[in-house]
Amino acid sequence: MLRLGFHGAAHTVTGSRHLLESDGARVLIDAGLFQGLKALRELNWKKPAFRPEKVDRVVLTHTHIDHAGYLPRLVREGFAGPVHCTPGTGELAGLLLMDAAKLQEEDADFANRKGFSKHTPALPLYTSEDAEQAIARLTAADYDVWMPLGDKLQARFKNAGHILGSALVEARVNDGDRTRTLVFSGDVGGYDMLLHPDPTPPPACDALVIESTYGDRLHDKTPLADQIAAPLGRTLERGGVVVIPAFAVGRAQQIVLLLNDMMTSGRLPSVPMHIDSPMAIDATRIYARHLRDHTLDADVVAARLCPPNLQFSRTTDESKRLSALSGPRVIISASGMLSGGRVLHHLAQRLPDERNLLMLVGYQAAGTRGRALLEGAKTLRIHGQDVPVRASFLVAHGLSGHADADGLMRWLRACPSPPRAVFVTHGEPAAAEALAQRIGKETGARTFVPILGATFDLDTILG
Ligand SMILES: [Zn+2]
């Protein structure tokens, strides 16, 4: 018996939860939180269609919340097995799951104070203690090491090049005299990216589960340095401050590498840089420790990640001191979509001054301040004040953690032989359908775009 159930990231990009059932083993690949629209977020509160206490173990592809953020709730719902992950994923999970729990607790607290919850009192989806329980279940295994997951089931991780510790999972099910191989892509990183290696090609397999975040889109190929050299150079030369809102894990470190290289080569004036985010500081240290997973010249990259002109602001006082400093300088802070965090203080202070520059990197979701700016907002509401936007702003492309449609096809074609069945997940419907069609046409594989809750009998499909 071999079955595969899709309990999230089906026709959407969040909530990755794939249940692999074989004789004697029930393994959940990823335990992601649904994020974004309210209808999706409400799914996190519903009991899953499978019974958490009957799941033997979880295998995590990486630590992003849409892949790992349901774990504390899963433990609360009765899951009591080990959670397998790479060492890098394990360390980042300590950071990201505790942060997610804190946000859940703050949301519940806020709802109670404002009295807008249907429930009295409003409860968090999970607490810091639940997150600690989940973190205690993490069991690290290095890339390429086979892990026994049951009598007849084993799996190993291969580097997916998406964020630190990210992996694709190769699972082998030995069913008497027949062995089936299944590959789960997790999130597939782009090629030739800063800081992260190219994704490892998928091993030969019978069935592949592939993400499709950018299944119908192509990234701007203009080198990032060419996009930003002129506007950043002008800002710094006139004594302005460049504010860069960035996701704390991965993105903040890529930006430091890029700017440091441009300053060292003389493409940008050498100015002080600040990372103002405790989580980004911790993530930088974790990155520096695990660089050997990623690159051969680990010591060189570690030095470039923490150059002498980079200063870290960990405490609130250290953060406040930055507002007394004049340009030229660069301030990197979270959150990346301007939806909260310390970056709001910097924006309130720096946006009204036309000498300054705000550089947005990455996707700006509907409803966020980042999106409002893209749509031409002349003021931003921050901490109850309307802040005039006189600083210039720039949107930089090229730091996406995901391969685009061509990148996904390049990765898939690197598979030694095309899989017979491909399940396309982790994409909006149009992106997933477009990628499925392309895969079918270019590789001859039978493709499926599962809906939420669909379970497939692989014995029948694979024959
Ligand atoms: Zn991810």
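Numbering of ligands and ligand atoms starts at 1, following listing order. Count residues from 1 along the sequence. Computation of the quantities below employed the complete heavy-atom set of this structure, encompassing side-chain atoms and omitting hydrogens, waters and symmetry-equivalent molecules.
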Non-hydrogen side-chain atoms of Glu211 and Leu168 separated by less than 4.5 Å: no
What is the name of the N/O/S atom in [X] that sits closest to the Zn ion (ligand 1)?
{"X": "Asp187", "answer": "OD2"}
{"X": "His64", "answer": "ND1"}
{"X": "His162", "answer": "NE2"}

Please determine if the Zn ion (ligand 1) has an N/O/S atom from [X] lying under 2.8 Å away.
{"X": "His67", "answer": "no"}
{"X": "Asp66", "answer": "no"}
{"X": "His402", "answer": "no"}

Hey, is Arg73 close enough to Glu77 for a salt bridge, meaning N to O under 4.0 Å?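 Answer for the salt bridge query: yes.
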Are Arg413 and Asp406 close enough for a salt bridge, meaning some N to O gap below 4.0 Å? no
Only one of Leu257, Leu399, Leu258, Leu164 passes side-chain contact (heavy atoms from CB on, under 4.5 Å) with Leu195; say which it is.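 Exactly one option meets the side-chain contact (heavy atoms from CB on, under 4.5 Å) with Leu195, and it is Leu257.
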Passes side-chain contact (heavy atoms from CB on, under 4.5 Å), Leu2 versus Glu21? Steps please. CA-CA 6 Å; Leu2 189 57; Glu21 293 174 278; over 6 Å; no
